[in-house]
Amino acid sequence: MEGVDHLAHERNRSQFDVNDMKIVWAGSREAFEVSDRMSRLVANDPAFRKDNRVHLTRKELFKNTLRKAAYAWKKIIELKLSEEEAGRLRFFVDEPAYTDLHWGMFVPFLKGQGTEEQLQKWLPLAYKMQIIGCYAQTELGHGSNVQWLETTATFDPKTDEFWWPGGLGKVSTHAVVFARLITNGRDYGVHGFIVQIRSLDDHSVLPGITIGDIGVKFGNGAYNTMDNGVMHFDHIRIPRNQLLMRFSQVTREGKYVQSDVPRQLVYGTMVYVRKTIVIDASNALSRAVCIATRYSAVRRQFGSQDGVETQVINYKTQQSRLFPLLASAYAFRFVGEWLQWLYTDVTQRLAANDFSTLPEAHACTAGLKSITTAATADGIEECRKLCGGHGYLCSSGLPELFAVYVPACTYEGDNVVLLLQVARFLVKTVSQLVSGKKPVGTTAYMGRLQHLMESTCKVQKAEDWLNPSIVLEAFEVRSARMSVECAKRLSQFTNQEEGFHELSPSLVEAAVAHCQLIIVAKFIEKLQGDIPGNGVKDQLQKLCSIYALFTLHKHLGDFLSTSTITPKQASLADDQLRSLYAQVRPNAVALVDAFNYTDHYLGSILGRYDGNVYPNLYDEAWKDPMNDTAVPDGYHEYIKPLLKQQLRNSRL
Ligand SMILES: CCCCCCCC/C=C\C/C=C/C(=O)SCCNC(=O)CCNC(=O)[C@H](O)C(C)(C)COP(=O)(O)OP(=O)(O)OC[C@H]1O[C@@H](n2cnc3c(N)ncnc32)[C@H](O)[C@@H]1OP(=O)(O)O
Ligand SMILES: Cc1cc2nc3c(=O)[nH]c(=O)nc-3n(C[C@H](O)[C@H](O)[C@H](O)COP(=O)(O)OP(=O)(O)OC[C@H]3O[C@@H](n4cnc5c(N)ncnc54)[C@H](O)[C@@H]3O)c2cc1C
């Protein structure tokens, strides 16, 4: 029945104030207010409808995305929205589009790499969208290995194929292009250039440049709203001052001048985007978990008591699959908040030419991007499975969410390649201990190596696993021992690079252990701070324990093989986990209500706020164009002749 809250009984059971949790999830009351207002603005405007996307052809889909993006831009101007409001509005429009790259990469790259003079020229054009930019770094032959990009930019004192860049295929007028800078016959490696690629008069592609869309990508609708492109340069010429020269310059005479800064600063935008991708992981996972939790509370199957079947959310197997994902969504939210702080801090230090925390920032953004996107992609798929057959319908919102999200494991750095960067950082940290260098930041625990190598876990009963200090030490011991073991085996190789490649699978596992420790540590730190709201902190403590103990259970091999814990302690952890599931159970629906997602944004019949699933699932089916006629297209051509032939055969 419309208007009835079929989940009221679930909401009445919660043991905390969901409105207080909404503020904690949003980060602040102000952030909540902006998000709430923008989500409702989008949900209430039919121009932003998205339930028809799966029925559109690729070209219709793309044109529809251009319409929405233009409409959104008009709204932003008309309502004089702030940068924060505009960003949230585009987020709730929920459609990958060229604007993601314009605002998410092109503008940040200009801001990070341009000189004051270059910013004064290009930023006003970009802010007013008088130019539309993309980020052209990946080539057909190279994406991960940036240092081996082949496009060249040769300085001519007298007067190159990109693949994948989002927005490039049909929309962008300009591109940030990565190319090897060659001047006076010497190759100075990869640098960033701003290149106009289309006419601002008629959008025609400029001479010497070939541009196209790279074709249909994974999934219906999904990321096909984005014109990922291919571009080929054939000896085009750009002015010298379109080399972005904040960190390195080429003089009028062609002389290369490198400021005294790490060359990796040219990678700054990737670090920035990896940081935002961690926050976005919590957005995507929380969306899938919201759908699966609400539906698990609605769905009943088997186990009838008094003639009423059991809610599937009451099955321990459903809880053991769903609640760790709920806990992960909150865990990624809080580690994302911390990563935002780390990024801001590094940026401020860079402004003062302090590069001391640059390695930490690179390792943290790379590693956390890798493990949060992997867990989120797997988590969205698990949420689809948690919804049984209906989870496979596009009207569940889950197939498209998965298809849009899963490339996050690849873009902005392949996850394994990034974990190898973390491994390199850890091996370096361990090796520097010998020379007396004190590890700081997220590797500070390595400074207590002697203790961690000799420590024994103090757990004697299940409840001991609720002690944050015991949990934190277990994760520190596991990570330290894995890193030290790798470093020890690596030291047996005469050729370190050869050893690194040989041991890379174990090195990746050590990197994962370190990054999971960071997530656990930041969740615990969050809870040591002030957490306002009735019953909120208690719920978050439960979720923190679930994240930690589920992670421990999933990586039990690490904890046992490093003798961090005993099999008995592992069994006690499982007992505590099941008890925590029972404690979270009455709060599950309220914990996903706290994400404050509109039905429009969820785009899911299964995840409706009112839980009125079946009538709406049935009605949605009839909207499919397949049901426009009882007799399907093709009957007269292919089915009727076959039936008649069979009838004739049977009479012979
Ligand atoms: C609401 C927001 C939603 C999300 C945001 C929008 C998302 C939009 C969706 C899609 C857009 C996608 C865009 C893209 O994919 S853009 C292209 C992304 N490409 C990559 O990420 C390439 C990955 N490869 C690399 O980053 C590098 O090649 C590398 C790090 C793997 C290797 O770099 P290299 O120069 O070869 O360095 P070395 O390995 O030799 O290391 C040398 C040294 O440098 C340090 N280092 C490496 N990178 C960095 C860095 N970024 N910052 C600081 N330091 C770095 C490295 O640690 C070594 O240090 P050392 O050990 O002390 O020597
Ligand atoms: C949806 C989407 C949007 C994108 N948008 C953009 C964009 O806007 N701009 C842009 O420039 N690029 C973009 N990209 C490209 C993206 O950045 C690259 O695909 C990504 O960096 C991975 O690089 P690759 O494709 O070369 O993978 P590869 O590195 O070729 O990966 C292939 C396999 O090789 C493995 N591998 C590679 N190197 C190593 C190593 N050293 N050790 C061990 N294993 C290794 C990887 O782990 C992986 O399993 C986009 C990609 C996608 C999917």
Side-chain angles (χ1 to χ4, degrees), residues 5 7 11 17-53 64-65 67-97 99-100 103-104 221 225 276 279-294 326 329-330 332-333 336-337 340 376 380 383 395-398 400-401 404-405 589-612 616:
D5 181 358
L7 289 169
R11 294 177 168 119
D17 185 319
V18 69
N19 291 318
D20 290 339
M21 184 68 87
K22 287 181 180 179
I23 304 301
V24 173
W25 173 264
S28 68
R29 188 168 297 282
E30 297 68 29
F32 167 76
E33 191 282 326
V34 169
S35 255
D36 188 60
R37 193 155 40 82
M38 291 300 105
S39 69
R40 296 183 190 290
L41 187 153
V42 172
N44 297 329
D45 190 332
F48 291 124
R49 72 171 287 207
K50 58 184 188 178
D51 56 345
N52 62 342
R53 276 195 300 225
N64 190 46
T65 300
R67 173 189 64 76
K68 282 187 191 176
Y71 182 82
W73 181 242
K74 269 192 327 197
K75 276 287 178 191
I76 290 166
I77 301 298
E78 174 194 313
L79 301 175
K80 298 184 177 57
L81 299 186
S82 67
E83 198 172 323
E84 182 189 5
E85 289 168 328
R88 295 310 285 160
L89 181 139
R90 277 193 286 266
F91 172 77
F92 286 112
V93 170
D94 178 36
E95 193 140 319
T99 44
D100 294 347
W103 296 107
T225 56
T276 58
I279 296 167
D280 194 52
S282 75
N283 293 331
L285 184 56
S286 57
R287 185 168 159 182
V289 165
C290 185
I291 295 167
T293 299
R294 287 177 178 167
L326 172 61
Y330 277 88
F332 296 170
R333 192 69 165 191
E337 281 181 359
Q340 177 60 54
T376 297
I380 296 169
C383 285
S395 60
S396 75
L398 291 163
E400 187 173 39
L401 177 57
V404 168
Y405 187 79
V589 170
L591 283 167
V592 301
D593 285 349
F595 302 144
N596 200 42
Y597 292 145
T598 61
D599 283 354
H600 171 273
Y601 177 65
L602 285 180
S604 169
I605 303 283
L606 307 188
R608 291 170 60 97
Y609 182 87
D610 65 6
N612 190 23
N616 285 286

- Verify side-chain contact (heavy atoms from CB on, under 4.5 Å) between F91 and D280, making sure each step is shown before the conclusion. CA-CA 10 Å; F91 172 77; D280 194 52; 3.9 Å; yes
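- Here the CG atom belonging to N283 is positioned 5.0 Å from the CZ atom belonging to R333, to the nearest 0.5 angstrom.
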- Message: Applying side-chain contact (heavy atoms from CB on, under 4.5 Å) to H600 and D94, what does each step give before you reach the verdict?
- Response: CA-CA 10 Å; H600 171 273; D94 178 36; 5.9 Å; no
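- Counting heavy atoms from C-beta on, the side chains of D593 and L7 never come closer than 4.5 Å.
- F595 is listed as a side-chain neighbour of C290, based on a closest heavy-atom distance under 4.5 Å.
- T598 is not listed as a side-chain neighbour of F92, based on a closest heavy-atom distance of 4.5 Å or more.
- Under the salt bridge (Lys or Arg N to Asp or Glu O under 4.0 Å) criterion, K22 pairs with no residue, sequence neighbours left out.
- Screening residues 76-85 for side chain to side chain donor-acceptor pair (under 3.5 Å), with sequence neighbours left out, gives R37-E85, S82-E85.
- Both tests do not hold together for R287 against Y597: distance to the six-membered ring centre under 6.0 Å, angle to the ring axis within 45°.
- With Y609 as the aromatic partner, R11 meets the cation-pi criteria of under 6.0 angstrom to the ring centre and within 45 degrees of the ring axis.
- The two residues T99 and A69 have their closest heavy-atom pair at CG2-CB, 4.4 Å.
- Between K50 and E95 no salt bridge is recorded (no basic side-chain N to carboxylate O distance below 4.0 Å).
- Taking each heavy atom of A31 and A26 in turn, the nearest pair found is CB-O, 3.4 Å.
- Contact check for V592 versus R294: side-chain heavy atoms found under the 4.5 Å cut-off.
- L285 has its side chain out of reach of Y405: every pair of non-hydrogen atoms, C-beta onward, lies at least 4.5 Å apart.
- Using a 4.5 Å heavy-atom threshold, the side chains of T225 and K68 count as separate.
- Between F48 and Y71, a ring centre-to-centre spacing shorter than 6.0 Å is recorded.
- Counting heavy atoms of neighbouring residues, nucleotides and ligands inside a 6.0 Å radius, atom CZ of R67 exceeds 12 of them.
- Using a 4.5 Å heavy-atom threshold, the side chains of V289 and C383 count as touching.
- Scanning both residues, A590 and V18, for their nearest heavy atoms gives O-CG2, 3.3 Å.
- In this structure, I23 and R29 approach most closely via the heavy-atom pair CG2-N, 3.5 Å.
- Below 30°, between 30° and 60°, or above 60°: for W25 and Y330 the angle between ring planes is above 60°, a perpendicular geometry.
- Residues I291 and S604 approach most closely at CG2-OG, 3.3 Å, considering heavy atoms.
- The backbone N or O of F32 sits nowhere less than 3.5 Å from a side-chain atom of S35 that would complete a donor-acceptor pair.
- No donor-acceptor pair closer than 3.5 Å links the side chain of D45 to the backbone N or O of L41.
- T376 is listed as a side-chain neighbour of I380, based on a closest heavy-atom distance under 4.5 Å.
- Remark: I605 CD1 to N612 CG distance equals 9.5 Å, nearest 0.5 Å.
- Taking all atoms of both residues into account, the shortest heavy-atom contact from T65 to P96 is CG2-O, 3.9 Å.
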